[in-house]
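First the proteins, then the strands, lettered A, B, ... as listed; each starts at 1. All of these numbers come straight from a predicted model, not from anything done at the bench.
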There are 2 protein chains.
Amino acid sequence: MSLPFLTQAHAPLTCEVSAINEFGEHISVSIPAERALTVYVDKRELVTLMTLGAHPELLVLGYLRNQRLVNSVQEIESITVDWDVGSAAVKTRHGIADMDEKTAKRVVTTGCGQGSVFGGLMDEVDQIKLPAAASMTQSQLYALVNIIRLKETTYKSAGSVHACALFDTTGSAPEMLIFVEDVGRHNAIDTIAGWMWIHMAPMLPTACGSLPHEGTAAPADWQSQIRGPCLKGEDAPSQAASLVFYTTGRLTSEMVIKSAQMGVPIVVSRSGITQMGHQVAQSVGLCAIGRATNKRFVCYTSTQRLVLQPGLAA
Amino acid sequence: MSLPFLTQAHAPLTCEVSAINEFGEHISVSIPAERALTVYVDKRELVTLMTLGAHPELLVLGYLRNQRLVNSVQEIESITVDWDVGSAAVKTRHGIADMDEKTAKRVVTTGCGQGSVFGGLMDEVDQIKLPAAASMTQSQLYALVNIIRLKETTYKSAGSVHACALFDTTGSAPEMLIFVEDVGRHNAIDTIAGWMWIHMAPMLPTACGSLPHEGTAAPADWQSQIRGPCLKGEDAPSQAASLVFYTTGRLTSEMVIKSAQMGVPIVVSRSGITQMGHQVAQSVGLCAIGRATNKRFVCYTSTQRLVLQPGLAA
C-alpha cells in the first residue's frame with residue numbers, strides 16, 4: 001500500500017484592499033484570503049470548506065479523517081485540488097462504506113458554535129488512551145511559545161486567521177514539525193491531522209501496530225524519531241510523549257477531542273478553556289495548558305505532565 | 001397570529017476549576033460553561049449546538065431562522081428548553097416543509113472553518129437590499145465601542161467567549177438593544193437573530209410589509225422606533241439605518257452574510273475582515289468596520305455610511 005497522491009495547489013494567502021482609517025486617511029490594508037473549497041468524494045459532493053488555502057490537500061485529508069469518514073490514509077488514492085473551480089476531488093481506492101449513514105447525522109457542533117461533525121465524536125472519547133508518560137518541561141513550554149512568537153505569519157501581516165502547530169519535544173529544544181494558519185481553527189487542526197496521516201501514518205491510532213508503511217511522502221527519519229500513540233491497548237509507546245499541539249484558539253470540547261483523537265497528549269493555547277473542553281481533557285488525561293504567552297500560563301488538567309520549573313517564571 | 005412561547009431556562013454561565021500557574025501555585029480560575037443543546041423540531045432531532053447557555057431559546061430560534069429552516073417567526077408555536085436533559089423542543093404550527101431537502105445539503109461552511117449551514121446561504125445574497133441611507137457618525141462609533149468596553153461580561157470574568165451586540169443609533173448616543181456572549185460567535189449572532197424575530201418581527205425581511213404583529217413579547221415602543229429593512233423592493237425605510245451590529249469576532253463571509261440577512265447595514269468588529277467577508281460586504285453595500293478599539297478603526301467597505309469626524313481621533 002502507498003500514500004495518496006496529493007496535488008500541491010497554490011493560491012495567494014492575502015490580498016490588498018483600500019480602506020479608510022480613523023483619521024479619514026485612505027490606506028491600503030492586507031487581509032487574508034477566504035475561499036470556498038468544495039470537496040467531492042468519488043465524484044459526489046460532500047461539503048464546502050471556507051479556507052485560507054495554504055494546504056488544501058492536507059485540509060481535505062484531515063477533514064475526512066477527523067470526520068471519521070475514512071479510517072486509514074491508505075483508503076485514499078488521490079486528492080486533486082483545482083483553485084480555478086474551487087474543488088477538491090477525492091478518489092478512494094474502494095469507496096467509502098456507509099457514506100450515507102456517516103453523513104446523515106449532524107451530531108456534535110463545536111466551540112466555534114456550529115462546526116458540525118459527522119458521527120459521534122464524543123462516542124469515541126472513552127476509547128482514547130493517551131500515553132501515560134507524556135510530559136513536557138516548563139522550559140520547553142516557554143521555548144515553544146517563543147517559536148510561535150517569532151514566526152513570520154499571515155496573522156502578523158493580515159490578521160484574522162487562527163494558527164495551529166505540532167511540536168516534537170523529544171530533545172530539550174522543541175522542534176516545530178508543522179505550522180498551519182487558516183480562517184478557521186478547525187481547518188487548521190484538520191490540516192495538521194492530514195499532515196500527520198501522511199508523515200506519521202505508521203504510528204497513528206488507526207494504523208496501530210498493524211499497517212506497514214511503504215509510502216514515499218513521509219520523511220524516513222520520522223519513523224525512527226516518533227513512535228505514535230495507540231488508541232487501544234495499555235502499552236502506548238512512551239515516545240508519543242514528544243508530541244505537543246499548539247493553537248491560538250480556545251480549548252473547546254471539539255479542539256480537545258480532536259487533539260486526543262490524534263493521540264497528542266499535551267495541548268497549549270494562547271487562549272483559555274471552556275467547561276466541556278476541561279471535562280474532556282480530564283476524562284482522557286490530556287494536559288491542557290492555556291493563557292500561554294511569554295512566561296505566563298495556566299495548566300488546567302493532567303498537571304503532572306508539565307514538569308514545573310517555577311524559577312523560570314520570574 | 002402570535003409570537004412563539006419560549007421557556008426561560010437558566011444555567012450557570014461559568015464554573016470554577018483548580019489549576020496551576022507559571023509559579024507552580026494552585027489557583028482557582030473561572031471558565032465559561034459549554035453545554036450541549038440538542039434541538040428537536042416536532043420531535044425529530046435536528047442538531048446539537050454547543051453553547052454557553054445564556055439564551056438557549058433565542059439561540060434555537062435564530063438558528064432555525066439563519067439556517068432558513070423557517071421563514072417566519074409565526075411558524076413556531078413554542079421552544080421548550082430543558083437543561084436537565086440538554087434539549088430544546090421546537091413545536092411548529094404546521095411542520096417544516098421540505099425539511100429533508102433543506103437539511104440534506106451541507107453547503108457553505110463558515111469563517112470559523114466548518115460551521116455548516118443548510119441550504120445556499122450565498123444564493124440569497126444577491127437579493128439583499130440594505131437601506132441606502134443607513135449611516136453612523138464616527139462619534140457614535142466611538143460611543144458604541146466604549147459601551148462594549150465598559151460592559152460587565154463573562155469574557156471579563158472567564159474569557160473564551162465571543163460577544164455580539166445590536167445597537168440602535170437613532171439618537172446621538174447609541175443604545176445597546178441586546179448583548180449576547182457565547183462560546184461560538186455564530187451562536188451569538190444567531191441568538192441576536194432570534195431576538196430580532198421576537199422583538200422586531202413586524203419590520204423584518206420575511207415579514208416585510210405583510211404580517212401584522214400581535215405578539216406580547218415585543219416592547220411596544222419598538223414598533224415606532226425601528227422600521228426594519230426589506231429584502232425585496234426599492235424603498236427600504238430609512239430608519240433601518242439605525243441598526244448596527246457589533247461582534248468581537250472576525251468579519252468572515254458568513255458573519256457578513258448573516259448581518260446582511262438580518263437587514264443590518266453596518267457591522268463593527270474588534271477584529272479584522274477576510275477576503276470573502278470583504279467581497280460580500282461590497283456586493284451588498286454593507287459598511288464593514290474592523291479593528292475597532294478605543295479610537296482606532298479601519299472602515300473597509302461602503303465608507304460613505306460612516307460620517308467621518310477625524311478630529312475626534314486625535
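- Under a cut-off of 6.0 angstrom, the local environment of NZ in B:K43 is sparse, with at most 12 non-hydrogen atoms contributed by other residues, nucleotides or ligands.
- Once rounded to the nearest 0.5 Å, the distance linking CZ of B:F23 with CG of A:L312 reads 11.0 Å.
- Across all their heavy atoms, B:M276 and A:A36 have their closest contact at CE-N, 3.8 Å.
- For the set A:V17, A:T14, A:T301, the entry with the most heavy-atom pairs within less than 4.5 Å of chain B is A:V17.
- Contacts with chain B were tallied for A:L52, A:I273, A:V298; A:I273 has the most, counting heavy-atom pairs under 4.5 Å.
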| said: side chain to side chain contact (heavy atoms under 4.5 Å, CB included) for A:R250 and B:V183? Distances and angles first, verdict last. | reply: CA-CA 9 Å; A:R250 295 163 295 149; B:V183 285; 4.0 Å; yes

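- Here A:H26 contributes atom NE2 and B:T303 contributes atom OG1; the two are 6.5 Å apart, rounded to the nearest 0.5 Å.
- Rounded to the nearest 0.5 Å, atoms CZ (A:F297) and CD1 (B:I20) are 8.5 Å apart.
- Annotation: side-chain hydrogen bond (donor to acceptor under 3.5 Å, both in side chains) contacts involving residues 266-284 of chain B, sequence neighbours excluded, comprise A:E34-B:T274.
- What you find for B:L308 and A:G24 is that their closest heavy atoms are CD1-CA, 4.0 Å.
- Taking B:G159, B:A33, B:S18 one by one and counting their heavy-atom pairs under 4.5 Å with chain A, the maximum is reached by B:A33.
- For A:V29, the part lying near chain B is the side chain, with the backbone staying farther off; criterion is any non-hydrogen pair under 4.5 Å.
- Residue pairs satisfying the salt bridge (Lys or Arg N to Asp or Glu O under 4.0 Å) criterion with at least one member in residues 17-32 of chain B, sequence neighbours excluded, are listed as follows: A:R296-B:E22.
- In this structure, no portion of A:A288 lies under 4.5 Å from any heavy atom of chain B.
- No other option in B:A188, B:P32, B:G311, B:A158 has as many heavy-atom pairs under 4.5 Å with chain A as B:P32.
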